[in-house]
Amino acid sequence: MKQRIIWMLGGAILTVVVFVLAQQFIFGTTSAEQISQEEAEQIVLNAYSGDIQEVEEDSSHYSVRVSLPSGSYTVFVNKQSGELEDLRFDSSNESESGPNLEKEEDEPESRAEDEEDNQEEFEQEQEPEEDKLLTKDDILGKLEDDYSGNVVSVNFSDGEEPYYGVEIEEDNEVVFIVMDAETGEIIDEQTELKTQTPISEDKAVNLALNKFNGEIDDIDYKEINGTLYYLIEVETDDQDVIVRINALNGEAVIIWDENTDEDDDDGDN
């Protein structure tokens, strides 16, 4: 009788061990699977109607550059989940190096370090030696009445026609200004919108349902006049309506007639 109990206990223990090892093998194998580059490209094409230009990858992400009518964008796809984690505008492809996603993961700390580095560079940059040239304080004094943003950098370029390059960060855009170092006249000014991460489809659906109580009939994701939108059709008790939601800021416009030409409606632009 005692030997039989020992055999039964041994069998139960063996069963538990086999079950635990099987669970670890199954879930360990599943968690290690990653999407392929082709799958990442298809995910991007499903979200954006454009042409794939190139694809780069690191240990955890695919960086997919896609050409849209509004310009060239880099979309970051998580290798593990296949989710679109970031969208960045490539400013006329002026920069050959792509954004460092690993730094973005520690954004608050890295941003503070970058601001400290920029401040140090701002203070250490050499002032022009010629008395006839304006100083950095002179340049900033000329700009403070017209620009309320934060000065990111001020760079002096010496040559036949010396000038200052000033970068100012506004609420939703970054302004690049070139100023004559002798007269303070603005030679050139370029403005770029800050890159934003599109809101998720689930958030867009919630925004639409907050406008109308009904059932979601259809969801489209498309670009209209250079801006990305969710077009969500909501079926209510009385009628079907389309809620057009700006994918970057979440602003919504109600389109009562399904045949309305969205391309002519610039309410959000």
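Position 1 is the first residue of the sequence; numbering continues from there. Quick caveat: nothing in here was measured; it's all calculated off a predicted structure.
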> Quick one: does R244's side chain get under 4.5 Å of I224's, heavy atoms only?
Replying inline: yes
> In chain order, what residues pass the ring-ring contact (aromatic ring centres under 6.0 Å, His included) check against Y62, with sequence neighbours excluded?
Replying inline: none
> Listed by chain and number, what are the salt bridge (charged side-chain N to carboxylate O under 4.0 Å, His left out) partners of E54, not counting sequence neighbours?
Replying inline: R65
>> Listing request: all salt bridge (Lys or Arg N to Asp or Glu O under 4.0 Å) pairs with a residue in residues 66-81, at least two apart in sequence or in separate chains.
In response: E57-K79
> Measuring from E233:CD to D217:CG, what's the distance to the nearest 0.5 Å?
Replying inline: 4.5 Å
> Which distance, rounded to the nearest 0.5 Å, do you find between the CG of L68 and the CG of L87?
Replying inline: 8.0 Å
>> Is it the case that over 12 heavy atoms from other parts of the model lie below 6.0 angstrom from the CG atom of N213?
In response: no
> Residues in side chain to side chain contact (heavy atoms under 4.5 Å, CB included) with S36, at least two apart?
Replying inline: E38, E39
>> With a 4.5 Å cut-off on side-chain heavy atoms, are V234 and I216 touching?
In response: yes
>> Using side-chain heavy atoms (C-beta onward) and a distance below 4.5 Å, is V77 in contact with E83?
In response: no
> Applying the 4.5 Å side-chain criterion to the ILVMFWY set and letting contacts propagate, would V75 and L228 be lumped into a single cluster?
Replying inline: yes
> How close do D58 and H61 get, heavy atom to heavy atom, and via which atoms?
Replying inline: OD1-N, 2.6 Å
>> Could you report the tightest heavy-atom contact between S59 and Q34, atom names first, then the distance?
In response: O-NE2, 4.1 Å
> What distance separates L143 CG from I168 CD1, expressed to the nearest 0.5 Å?
Replying inline: 5.0 Å
>> Checking E215 now: which residues fulfil side chain to side chain donor-acceptor pair (under 3.5 Å) with it, not counting sequence neighbours?
In response: none
> Out of curiosity, does V44 fall in the hydrophobic cluster containing F89 (side-chain heavy atoms, cut-off under 4.5 Å, transitive links)?
Replying inline: yes
>> Among residues at least two apart in sequence or on other chains, which ones pass ring-ring contact (aromatic ring centres under 6.0 Å, His included) with Y221?
In response: Y48, Y230
>> Assigning hydrophobic clusters by single linkage (Ile, Leu, Val, Met, Phe, Trp, Tyr; side-chain heavy-atom cutoff under 4.5 Å), is Y163 placed with V154?
In response: no
> Between V178 and V174, is there a shared hydrophobic cluster once you connect ILVMFWY residues whose side-chain heavy atoms come closer than 4.5 Å?
Replying inline: no
> Do V166 and Y147 touch side chain to side chain, with heavy atoms closer than 4.5 Å?
Replying inline: no
>> Grouping I, L, V, M, F, W and Y whenever their side-chain heavy atoms are under 4.5 Å apart, do L84 and I219 come out in a common cluster?
In response: yes
> Nearest heavy-atom pair of S81 and N78: which atoms, and what distance?
Replying inline: N-OD1, 3.0 Å
> Does a side chain donor of either T74 or D90 reach within less than 3.5 Å of an acceptor in the other side chain?
Replying inline: yes
> With D218, which residues qualify under side chain to side chain donor-acceptor pair (under 3.5 Å), at least two apart?
Replying inline: none
> Which pairs count as salt bridge (Lys or Arg N to Asp or Glu O under 4.0 Å) when at least one residue sits in residues 174-189, sequence neighbours excluded?
Replying inline: K132-E182
>> Can you tell me how far apart OH (Y164) and CG (L140) are? Round to the nearest 0.5 Å.
In response: 9.0 Å
> Taking all atoms of both residues into account, what is the closest heavy-atom pair of Q53 and S72, and its distance?
Replying inline: OE1-OG, 2.9 Å
> Roughly how far, to the nearest 0.5 Å, is the CD atom of E169 from the OG atom of S153?
Replying inline: 11.0 Å
> Given side chains that start at C-beta, do those of L133 and F156 come closer than 4.5 Å, heavy atoms only?
Replying inline: yes
>> Please give me the minimum heavy-atom distance between K211 and A252, naming the atom from each residue.
In response: CE-CB, 4.0 Å
> Who passes side chain to side chain donor-acceptor pair (under 3.5 Å) against N46, sequence neighbours left out?
Replying inline: Q42
Show me, pair by pair, the donor-acceptor contacts under 3.5 angstrom made by side chains of residues 201-209, not counting sequence neighbours?
from : atom 1 : to   : atom 2 : distance (Å)
N206 : ND2    : D202 : O      : 3.3

>> Nearest 0.5 angstrom please: I187 CD1 to M179 CE, how far?
In response: 9.0 Å
